[in-house]
Structure formats: structure tokens, C-alpha cells
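To keep things clear, I will list the structure first and then write my remarks on it.
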Amino acid sequence: MRVMRKTGLSMAVTMALVIAAGSCTQETKVDISRSLNPAGMPSMVTHNISTLISDSGVTQYKIVAPVWYVYDEVDTPYWLFPKGLYLQKYDPKFNVVATVAADSARFFKMQKLWRLEGNVEMTKAPKDLFLSERVFWDQRRARLYSDTFIHIENETHILEGTGFESNERLTKYRILHPSGIFPVERDNLKPDPK
């Protein structure tokens, strides 16, 4: 009687294991692709970047940003810097000749067009300062432009207005609708040491 109980118990355990093993082999398909849209997703996300960009083996720019999204699968491929961007432009001797800082930026790869937004601050060596809310940088045409308010400080003047055009080097520029040109003497702007 005891042998029969052990055999019956052994058979019950074996059957339970066979049934459990059989149920584990059934595959359940999960269709993730139905809910995803690859064209709307970034193909690359990078955090805390600091990278150098060169052309023909010569370092041209340094880009620093908290986050960088690359959208290569969309109709118009672009890079997105939603949390800000800092860029330095170098001369052939690796001296910084200009800087750009913006609250956010978007680079359209095919058009080679930058759209800088938020508090956009551009500097050109030695002391020129350009402030605006939005600036476009067309690398193909080597041109900068804006349709918003612009504030420019150079060695001799403070210029303000709406709309702005410049060459890429910020050496030849004009304000489309000037609202003020103020001559200044930089030495008089320094705080009194008293």
C-alpha cells in the first residue's frame, strides 16, 4: 500500500512537472512596433556632450550641451539641443574667435541651418556682443540673420533694433529697423574704483 502511494505521488509530481513545462514553452507575441513611430523617435540621444567639429582635418567648432537628440529618420533630418547649447568657433591657430550660447537650438542637417532660440548671446573677439531672442545661422551662405529684437555692443557704439543681417564672421552687419544708436566710450563704462 505504501509503495502504491509513493508511486501515485511520484506520478502526480511528474505529471505536474510535464504540464508546467508544457505551459512554459508557449510563446506569447508582443507587438511593440505597432505603438512605436520610428520616424518620430530620435536615432541618437546623448547627455552631457562636449565635442569638436572639424572640416578637412581642421577643428572649426566645439559644442557643449546637456542633451543632444539626433533625428535622422524624419523627412527633414535635424539635431535638437532642447536644454541649451554653447558653441566656440576657432581660427586655424585654435584661438577662440567667436562664441554662441542659446537656451535651445536646432540644426537642420540638409540645409546646414541653425535656429538658435531663447536668450541668444554671441560674442566676437575682441569685445563685440550680440544679444537676441532668435538667430538663424545659414552655414551654406555664411550668413547670420534674425527677425527679432537685437542688441549689439561694439568698441564705440551700442546699437538696437529689430531684424539683423550679418556675414558669418560678424564683421559686416546691419540692423534692418534700428531703434537706437548710442555712442559710448568703453573707458567711461568701467566702475569707479572708489
Side-chain angles (χ1 to χ4, degrees), residues 44-70 77-176 178 181-191 193:
M44 182 187 82
V45 178
T46 306
H47 294 275
N48 301 319
I49 67 147
S50 178
T51 187
L52 298 172
I53 298 175
S54 62
D55 184 16
S56 304
V58 178
T59 300
Q60 300 283 322
Y61 306 100
K62 177 180 182 180
I63 294 177
V64 178
V67 64
W68 175 16
Y69 295 98
V70 175
Y78 65 94
W79 300 348
L80 178 63
F81 301 88
K83 294 185 179 179
L85 168 81
Y86 178 74
L87 180 138
Q88 291 181 326
K89 173 138 177 59
Y90 299 108
D91 68 8
K93 294 181 181 178
F94 210 62
N95 297 312
V96 176
V97 295
T99 64
V100 175
D103 290 342
S104 69
R106 189 177 294 234
F107 175 66
F108 299 95
K109 287 175 57 175
M110 306 305 264
Q111 297 86 354
K112 295 211 174 258
L113 176 68
W114 285 91
R115 180 178 169 171
L116 308 163
E117 292 191 294
N119 296 308
V120 180
E121 180 179 302
M122 301 179 296
T123 64
K124 179 184 75 78
K127 296 180 182 177
D128 291 0
L129 173 67
F130 300 78
L131 303 171
S132 186
E133 298 168 16
R134 179 174 49 245
V135 174
F136 294 91
W137 174 16
D138 187 339
Q139 289 182 304
R140 283 191 179 153
R141 294 184 179 106
R143 182 176 164 244
L144 293 160
Y145 59 94
S146 177
D147 57 357
T148 60
F149 177 79
I150 184 86
H151 173 93
I152 302 171
E153 295 179 19
N154 62 29
E155 200 64 35
T156 59
H157 288 82
I158 293 176
L159 308 138
E160 291 184 342
T162 303
F164 164 77
E165 292 179 344
S166 175
N167 64 356
E168 191 174 58
R169 299 173 72 198
L170 295 169
T171 56
K172 294 181 182 177
Y173 52 83
R174 72 183 184 117
I175 296 176
L176 302 178
I181 300 173
F182 313 101
V184 295
E185 292 181 30
R186 290 275 179 199
D187 295 337
N188 292 341
L189 294 176
K190 294 180 183 173

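Computation of the quantities below employed the complete heavy-atom set of this structure, encompassing side-chain atoms and omitting hydrogens, waters and symmetry-equivalent molecules. Start at 1 with the first residue, then count along the sequence.
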Could you grab the distance from atom [atom1] of [X] to atom [atom2] of [Y], nearest 0.5 Å is fine?
X	Y	atom1	atom2	value
Asn167	Arg143	CG	CZ	11.0 Å
Phe136	Ser146	CZ	OG	7.5 Å
Glu165	Ile175	CD	CD1	11.5 Å
Leu144	Leu116	CG	CG	8.5 Å
Glu153	Leu131	CD	CG	6.5 Å
Leu87	Lys62	CG	NZ	10.5 Å

Of all heavy-atom pairs between [X] and [Y], which one has the smallest distance, and what is that distance?
X	Y	answer
Lys83	Pro66	O-CG, 3.5 Å
Asp128	Glu155	OD1-N, 4.0 Å
Ser104	Pro82	CB-O, 3.8 Å
Ile150	Gly163	CG2-O, 3.9 Å
Asn154	His157	OD1-N, 2.7 Å
Ala102	Glu117	CB-O, 3.8 Å

| task | In sequence, state the C-alpha distance, the side-chain angles, and the governing distance for Trp137 and Phe130, and then conclude on ring pair (Phe, Tyr, Trp, His ring centres under 6.0 Å). | result | CA-CA 13 Å; Trp137 174 16; Phe130 300 78; over 10 Å; no
With the side chain counted from C-beta on, respond yes when [X] and [Y] share a heavy-atom pair under 4.5 Å apart, and no when they do not.
X	Y	value
Pro178	Leu159	no
Ile152	Phe164	yes
Arg134	Arg115	yes
Leu176	Tyr145	no
Phe107	Leu85	no

| request: Tell me, yes or no, whether the heavy-atom count around Met44 atom CE, taken from other residues, nucleotides or ligands under 6.0 Å, exceeds 12. | output: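 It does: Met44 CE has more than 12 such atoms within range.
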| query | When you measure from the side chain of Asp103 to the backbone N and O of Asn119, does any donor-acceptor pair fall under 3.5 Å? | reply | yes
| Applying the ring-ring contact (aromatic ring centres under 6.0 Å, His included) test to Trp79, which of Trp68, Tyr69, Phe108 qualifies? | Trp68
| task | Quick one: do Leu52 and Tyr90 satisfy side chain to side chain contact (heavy atoms under 4.5 Å, CB included)? Show the steps, please. | result | CA-CA 10 Å; Leu52 298 172; Tyr90 299 108; 4.3 Å; yes
